[in-house]
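Here the structure is laid out as structure tokens; the discussion comes afterwards.
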Amino acid sequence: MFRKIIVPVDIAALDRGEKILAMAASLVDQGGDVILLNVVEDMPSYIAMNLPVEMIETALKEARTQLTALKEKSGVQTRVEVRTGQPAREILAAAQEHSADLVIIASHRPDFSNYFIGSTADRVVRHATCAVLVDR
Ligand code: ADP
């Protein structure tokens, strides 16, 4: 049904990632692609300049290790991609660059912390130019 699906996974919520990866596996066309994506969040330069240089490198490596473990555990054929930046913006950029036709994203009910500024899922739904499936 879909030939290229982006599955953005928050490393702090791997169980949700496992669930949406399984959904992607059941929706992707034979011969299609599933891309497992994590975004390592940028930090303001005034914080970054006080941190050891290798800290970002370590975070990128850790994200790649976690996504690879998730891929192997699931048995789903998928590519692993790690980007840096603001999560919603990078999820949207990855969808554009890969000409994805679906993004599958997890979401929880809004609470006070994201009621006003909106969540990652809200932003992706609002700005994506392809279909978005939100798992609640
Ligand atoms: P909500 O959008 O419900 O407030 P979150 O912002 O924590 O909750 O994340 C919702 C979903 O957005 C995650 O389950 C995941 O699919 C995606 N997501 C959030 N942060 C990242 C990240 N850093 N990298 C990749 N995907 C992410």
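Because the structure is a prediction, the values reported are computed rather than measured. Numbering of ligands and ligand atoms starts at 1, following listing order.
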Suppose we screen for side chain to side chain donor-acceptor pair (under 3.5 Å). Which residues come up paired with Asp101, at least two apart in sequence or across chains? none
Geometry only, no angles: is Ile104 polar-contacting ligand 1 at N/O separations under 3.5 Å? no
Here the atoms of ligand 1 under 4.0 Å from any heavy atom belonging to Ser107 are 3 (O)
At a 4.0 Å threshold, what atoms of ligand 1 neighbour a non-hydrogen atom of Ala121? 2 (O)
How many angstroms lie between CZ in Arg79 and CG in Asp33, if you round to the nearest 0.5 Å? 4.5 Å
Where is the tightest heavy-atom contact between Gly85 and Glu90, given as atom of each residue plus distance? CA-CG, 3.9 Å
Where's the contact between Val9 and ligand 1, heavy-atom distance under 4.0 Å: side chain, backbone, both or neither? backbone
Any N/O of Glu41 closer than 3.5 Å to an N/O of ligand 1? no
Measure from atom 10 (C) of ligand 1 to every heavy atom in Gly85, Ala106, Ala12 and give the option owning the shortest one. Ala106
N/O of Leu37 under 3.5 Å from N/O of ligand 1, yes or no? no
Using a 4.0 Å heavy-atom cut-off, which part of Pro87 comes near ligand 1: side chain, backbone, both, or neither? side chain
Working to the nearest 0.5 angstrom, can you tell me the gap between Glu81 CD and Ile6 CD1? 6.5 Å
Can you check whether Ile105 has an N/O within less than 3.5 Å of an N/O in ligand 1? no
Looking at CG of Leu27 and CG of Leu102, how far apart are the two atoms once the value is rounded to the nearest 0.5 Å? 6.5 Å
Calculate, to the nearest 0.5 Å, the distance between atoms CG and CG belonging to Asp10 and Leu37 respectively. 11.0 Å
Exercise answer: donor-acceptor pairs, residues 53-62 side-chain atoms, under 3.5 Å, sequence neighbours excluded:
from	atom 1	to	atom 2	distance (Å)
Thr58	OG1	Glu54	O	2.7
Glu62	OE2	Gln66	NE2	2.8

